[in-house]
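Encoded as structure tokens, the structure appears first; notes follow it.
In what follows, chains carry the letters A, B, and so on, assigned in the order in which the sequence lines appear, proteins first and then strands, with residues in each chain numbered from 1.
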Amino acid sequence: MTLYDELVARGLIAQVTDEEEIKDLINHGKATFYIGFDPTADSLHVGHFMALNLMRRMQKAGNRPIALVGGGTGMIGDPSGRSDMRQMMTTETIQHNCDRFKEQMSKFIDFSEGKAFMVNNADWLLKLNYVELLREVGACFSVNSMLRAECYKQRMEKGLSFLEFNYMIMQSYDYYHMYQTLGCNLQCGGDDQWSNMLGGTELIRRKLGKDAYALTITLLLTSEGKKMGKTQGGAVWLDPEKTSPYEFYQYWRNVEDADVLHCLKMLTDVSLDEISTMESWEGSQLNQAKDRLAFELTRLVHSEEEAAKAQETARGLFSNGGDLANMPTTTLTDEDLTDGAIGILDLMVKCGLAPSKKEARRLVEQGGVEVNGEKVASGSVVYTAENLAGEGLMIKKGKKIFHRAVL
RNA sequence: GGAGGAGUACCCAAGUGGCCAAAGGGGGCAGACUGUAAAUCUGUUACGUUUCGUUUCGAUGGUUCGAAUCCAUCCUCCUCCA
């Protein structure tokens, strides 16, 4: 099975500009392709994972990936969404984020010896001169057709600032620039980027009379049409400091029945044959598929070892007889104690199990908190330094959130 | 630049002097039921030293015994005109 066919079979490809050409390019390792990432945080998250995965697969087949970080667009602030206050990021922050990105990407992509590039669009976008830019590329964009683009259409009702309107031009310019400097001939991105990406291919055609291609990745949505990788606490991060391997594992272990196979196909390397045997599974049997999904993804993002540990811990907590060593743990210091003791409410806040004592109290009152297997009866329960010594306390919040507190 | 309209909690949205920590819906969290799933039902959803107190209705001042609600100024957004 060729790379392209595999991508299609896994449902990863949403739209392409020229199927035959792209097939030829990527199947034969002739593509130099780029995917853009906005350095708005100091870690990549699950939303980026699809893109990383695609880059990894493509690189394996001999294609050359370019990871583009949006340092230039980041200077202005990503106008998408409805953020009231765009945070102006400092050059240092952007640089810091870029470094972290590269570190994380290195797990998926081999950056050695020209096998892949990492570039920052700040390097060329910030130097642009307004009038020069207008003269250079302004004539190549038709406002009429831009307004017809899906991404703007939706914004027409709510209002669209000139800044946002220019986003497509910036992105198109990126492609145009890299086409010339790095020989980039394919742009990949989320399906929501389709019209921006077409802007780039169009610009290259008009300016240079050359063909460049674009391919979009299917957005990973739940069966209810929501973006995957979001929890109440925000994104599911790839950085183990921000989302521990155990939590990461749990996120996937808890996906809905309807989404498991879909995720296995799109995100993991589990063979299509194997996945097809799971298609007949029903009911609780699907738990095996979820187990597999969680393990595979944790392995890809963290390591085989971490994946095994997370699985062990999960089995220990949910079906007994496993090793509990790896559950998320908070280590308290003497300063956290008052007279050598700490109340359950403070303890929960310290462990990040509740955002406020009020919330912690509510959880206790509703019977949602257990410590060492015993339901906590009231918010006034206090634990001493002795309780916290050694193995510490195992706090259970709700049905599936476990946390250890030690001194 | 002119005329009008709007800004309420995580989101949408009621409330137009005291009974408002603020209806209703969505979302979240917890309980029951389950398969670490979904659906359903119940409770809950500003903060705290919790029969009470403190801070909240774009911002700042003011009127009043009392303001989300009235007045002034400012900020932001939308619609129409230019």
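In the displayed structure, A/Gln285 atom CD is contacted under 6.0 Å by more than 12 heavy atoms of other residues, nucleotides or ligands. The number of heavy atoms from other shown groups lying within 6.0 Å of CD (A/Glu274) is above 12. In the displayed structure, A/Asp339 atom CG is contacted under 6.0 Å by at most 12 heavy atoms of other residues, nucleotides or ligands.
Protein atom CD of A/Glu370 is 13 Å distant from nucleotide atom P of B/A30, rounded to whole Å. Look at NZ on A/Lys396: it is 10 Å from C1' on B/U36, rounded to the nearest Å. Between the P atom of B/A37 and the CD atom of A/Gln288 lies a distance of 16 Å, rounded to the nearest Å. Protein atom CG of A/Asp346 is 15 Å distant from nucleotide atom P of B/C47, rounded to whole Å. A straight line from NZ of A/Lys400 to C1' of B/C29 spans 12 Å, rounded to a whole angstrom.
Between B/A14 and B/C41, the distance separating the two P atoms is 26 Å to the nearest Å. When the P atom is used for both B/C10 and B/U36, the distance is 34 Å, rounded to whole Å. B/U63 and B/A72 have their P atoms separated by 15 Å, given to the nearest Å. A distance of about 14 Å separates the P atoms of B/A59 and B/C11, rounded to the whole Å. Separation of the C1' atoms belonging to B/C65 and B/U42 is 42 Å when rounded to the nearest angstrom. Straight-line distance between the C1' atoms of B/A22 and B/C33: roughly 34 Å, to the nearest whole Å. Comparing the C1' positions of B/C57 and B/U8 gives a spacing of 4 Å, expressed to the nearest Å. Rounded to whole Å, the separation between the P atoms of B/C70 and B/G15 comes to 12 Å.
One finds no salt bridge joining A/Arg10 and A/Asp5 here, because no Lys/Arg side-chain nitrogen approaches an Asp/Glu carboxylate oxygen to under 4.0 Å.
Under the 6.0 Å cut-off for aromatic ring centres, A/Tyr249 and A/Phe295 do not qualify, their centroids lying 6.0 Å or more apart.
For A/Lys357 and A/Lys399, each mapped to the nucleotide of RNA chain B holding its nearest heavy atom, the one lying further toward the 5' end belongs to A/Lys399. A residue-by-residue look at A/Arg362 and A/Tyr249 shows that A/Tyr249 has its nearest nucleotide of RNA chain B further toward the 5' end.
A distance of 4.5 Å separates CE of A/Met228 from CH2 of A/Trp252, quoted to the nearest 0.5 Å. Separating the CG atom in A/Leu203 from the OH atom in A/Tyr176 is a distance of 6.5 Å, to the nearest 0.5 Å.
The pairing partner recorded for B/A13 is none, the criterion being a Watson-Crick or G-U wobble arrangement whose two distances lie under 3.5 angstrom. The partner of B/G1 is B/C81, judged by Watson-Crick or G-U wobble contacts that both fall below 3.5 Å. Nucleotide B/U34 forms no Watson-Crick or G-U wobble pair with any nucleotide shown, as no partner meets the under 3.5 Å limit on both distances. The base-pairing partner of B/A72, taking Watson-Crick or G-U wobble contacts with both distances under 3.5 Å, is B/U60.
Each of B/A37, B/U45, B/C29 was ranked by its minimum atom distance to the side chain of A/Asn254; first place goes to B/A37. In the set B/C47, B/U36, B/U44, B/U36 carries the atom at the smallest distance from any side-chain atom of A/Asn287. For A/Ser356, whose side chain is taken as the heavy atoms from C-beta onward, the closest listed nucleotide among B/G48, B/C29, B/U49 is B/G48. Closest to the side chain of A/Glu256, from the set B/G35, B/A38, B/G43, is B/A38.
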For nucleotides 53-56 of chain B, print each protein N/O atom paired with a nucleotide N/O atom at under 3.5 Å, atom names and distance only.
none

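Across all strands shown, A/Arg253 has heavy atoms under 4.0 Å from base atoms, whether or not it also approaches the sugar-phosphate. A/Gln250 comes within contact range of at least one nucleobase, with a heavy-atom separation under 4.0 Å. At the heavy-atom level, A/Gly367 lies under 4.0 Å from the strands shown only through sugar-phosphate atoms.
Taking every heavy atom of both residues into account, A/Phe49 and A/Val301 meet most closely at CE1-CG2, 3.4 Å.
Within the cation-pi definition used here (under 6.0 Å to the ring centroid, within 45° of the axis), A/Lys400 does not qualify as a partner of A/Phe318.
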